[in-house]
Amino acid sequence: MLKLVNRIAALLRKEFEELKPALNLIKEKLKIFTKNEQVCKKTAEHIGSQMQHTEGQIKADFEKLHQFLREEEEARLAVLKEEGEVKSRIMEEKLADITRHISTLTDKITAIEKAMGTEDASFLKSYQNIKYRAQCTLQDPELLSGALIDVAKHLGNLTFRVWEKMLGMVQYTPVMLDPNTAHHKLSLSDDLTAVRLTDTAQNCPDNPERFNPCVFVLGSEGFTSGKHSWEVKVGSKTAWDVGVVKESVIRKGSITLHTKNGFWVFYLRNGDQYKAGGTVLTLERKPQSIRVQLDYDRGEVSFFDSSDMAHIHTFKHMFTERLFPYFSPYLTDGGRNDAPLQICPAKVSVTVT
């Protein structure tokens, strides 16, 4: 009996041992799903936060437009009112003058007709006086030229002229930053044109598009053809990166800024060390703004000093996938280097053909 019990116990231990790997695998799966559950919850919260912030920004931007339109409407109505008042006053004065002349002429006609109605000698005595009064030297009244409201001036191409004037208050930036790619210590401006490195981590999920731990951020629009350019104000920052990257670049872990990894980047380190890929560059002066030019079809990424368009460097490569603008305010050990990188607005003009 004891032998049987021992055999059963041995079989149970063996089966337990065989089940342990499967149990451990299930436990590992549970950890993965639990971790993923937390990520999904955080992502759901972030989506709500994004919606609220974006809604507020949309409303604020539209309120600026509404305010501009209200002020423009009031200004144009005021001009119309002023013209109407001036021309109405001129017309009233003209009418008053004509009315006075009508009254004078009416009195003359009445007096002359009354005198002509007499057939006695008194008419002969007053004839010369009547003849003098019958003389009329008044010029015929003329209609005033330009008396009416210049309707065409107020309504002609009204919406176009308002829109043309609106260009003075709006900006067009050729590249917008994508907050979903930004490292959690990067702070983007509300209009998505500037990025600053901060000490405080943003409360955002570590989604697949986001760079971590490298403090990088991409533009929101990628390119697969054509020519594209944008300018980045770098100012007196001691370290920064600008350029383009291919869509499939690694976004997690350590990254080397090299063309073989899909980075066509010009960057500054320690205030005076310029590099493009692995090439050390010597510049005559420190540029305050960098122009990045991408010619996808010719396979060129070029960098210029925006102040005089002095050429800095050109990469040549046959591109085969979507490219995105790339930026990094960069983290340095020797200083805060917390000034922002600012994408400069482009000039907007209207051409009528």
Side-chain angles (χ1 to χ4, degrees), residues 52-174 176 189-193 343-353:
Q52 185 176 11
H53 175 78
T54 306
E55 179 182 355
Q57 194 61 37
I58 289 173
K59 288 182 176 180
D61 287 347
F62 269 95
E63 178 54 32
K64 291 177 184 177
L65 295 175
H66 293 158
Q67 182 62 29
F68 169 82
L69 291 174
R70 285 192 293 266
E71 291 175 357
E72 187 68 16
E73 178 186 11
E74 291 172 1
R76 291 180 180 274
L77 289 175
V79 171
L80 172 62
K81 182 180 179 182
E82 182 181 4
E83 182 183 354
E85 290 176 347
V86 169
K87 291 189 172 180
S88 293
R89 186 166 58 251
I90 292 173
M91 190 54 62
E92 287 173 0
E93 292 173 356
K94 181 70 173 177
L95 281 170
D97 186 55
I98 290 175
T99 300
R100 285 194 302 270
H101 286 110
I102 289 174
S103 178
T104 300
L105 293 171
T106 301
D107 291 344
K108 282 188 175 187
I109 292 171
T110 302
I112 293 171
E113 288 179 342
K114 182 179 180 182
M116 290 173 65
T118 62
E119 298 179 356
D120 53 19
S122 62
F123 173 76
L124 295 175
K125 292 179 180 179
S126 60
Y127 172 75
Q128 291 299 327
N129 184 44
I130 294 171
K131 184 179 178 181
Y132 175 77
R133 294 185 65 184
Q135 293 179 1
C136 183
T137 59
L138 290 176
Q139 296 292 326
D140 291 344
E142 295 181 359
L143 294 177
L144 294 176
S145 178
L148 300 178
I149 296 294
D150 190 350
V151 176
K153 180 185 74 174
H154 297 287
L155 296 183
N157 290 319
L158 176 59
T159 54
F160 172 80
R161 287 188 288 114
V162 171
W163 173 75
E164 188 178 28
K165 188 174 180 180
M166 191 181 292
L167 293 179
M169 65 163 290
V170 298
Q171 289 185 337
Y172 170 75
T173 306
M176 308 300 291
S189 61
D190 286 337
D191 63 358
L192 304 179
T193 64
I343 305 170
C344 302
K347 286 186 177 181
V348 180
S349 61
V350 179
T351 303
V352 180
T353 58

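Here the straight-line distance linking atom OG1 of Thr54 with atom CG of Leu192 works out to 8.5 Å at 0.5 Å rounding. Here the straight-line distance linking atom CG of Leu158 with atom NZ of Lys153 works out to 13.0 Å at 0.5 Å rounding. To the nearest 0.5 angstrom, Glu92 atom CD is 10.5 Å from Glu85 atom CD. Separation of atoms CG (Leu95) and OG (Ser88) is listed at 10.5 Å; rounding is to 0.5 Å. Annotation: the span from Leu77 atom CG to Glu82 atom CD amounts to 13.0 Å, rounded to 0.5 Å. Considering OG1 of Thr173 and CG of Asp191, their distance stands at 6.5 Å, rounded to 0.5 Å.
Arg70 and Glu63 are joined by a salt bridge, as a carboxylate oxygen and a charged side-chain nitrogen come within less than 4.0 angstrom of each other. For Glu55 and Lys59, the salt-bridge test passes: some basic side-chain N is under 4.0 Å from an acidic carboxylate O. Electrostatic pairing of Asp97 and Arg100 counts as a salt bridge here, judged by a charged N lying under 4.0 Å from a carboxylate O.
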Would you check, one step at a time, whether the test side-chain contact (heavy atoms from CB on, under 4.5 Å) holds for Lys87 with Leu148? CA-CA 7 Å; Lys87 291 189 172 180; Leu148 300 178; 5.9 Å; no
Let me see the working for Leu65 and Asp61 under side-chain contact (heavy atoms from CB on, under 4.5 Å), right down to the final yes or no. CA-CA 7 Å; Leu65 295 175; Asp61 287 347; 5.9 Å; no
Would Asp190 and His53 count as a side-chain contact (heavy atoms from CB on, under 4.5 Å) here? Give the steps. CA-CA 9 Å; Asp190 286 337; His53 175 78; 3.3 Å; yes
Could you walk me through whether Met176 and Ile343 pass side-chain contact (heavy atoms from CB on, under 4.5 Å), step by step? CA-CA 8 Å; Met176 308 300 291; Ile343 305 170; over 6 Å; no
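A side-chain donor-acceptor contact under 3.5 Å links Thr106 to the backbone of Ile102. With Arg76 contributing its side chain and Glu71 its backbone, the two residues share no donor-acceptor pair below 3.5 Å. Remark: the backbone N or O of Asp150 is paired with a side-chain donor or acceptor of Glu83 at under 3.5 angstrom.
In this structure, the side chains of Lys165 and Phe68 come closer than 4.5 Å at one or more pairs of heavy atoms. Within the 4.5 Å cutoff, the side chain of Lys94 has no heavy atoms near those of the Ile90 side chain. Using a 4.5 Å heavy-atom threshold, the side chains of Met166 and Leu69 count as touching.
Minimum interatomic distance between Met169 and Lys64 (heavy atoms only, all atoms of both residues): CE-O, 4.0 Å. For the pair Leu80 and His154, the tightest heavy-atom approach, listed with the atom from each and the gap, is CA-CE1, 3.6 Å.
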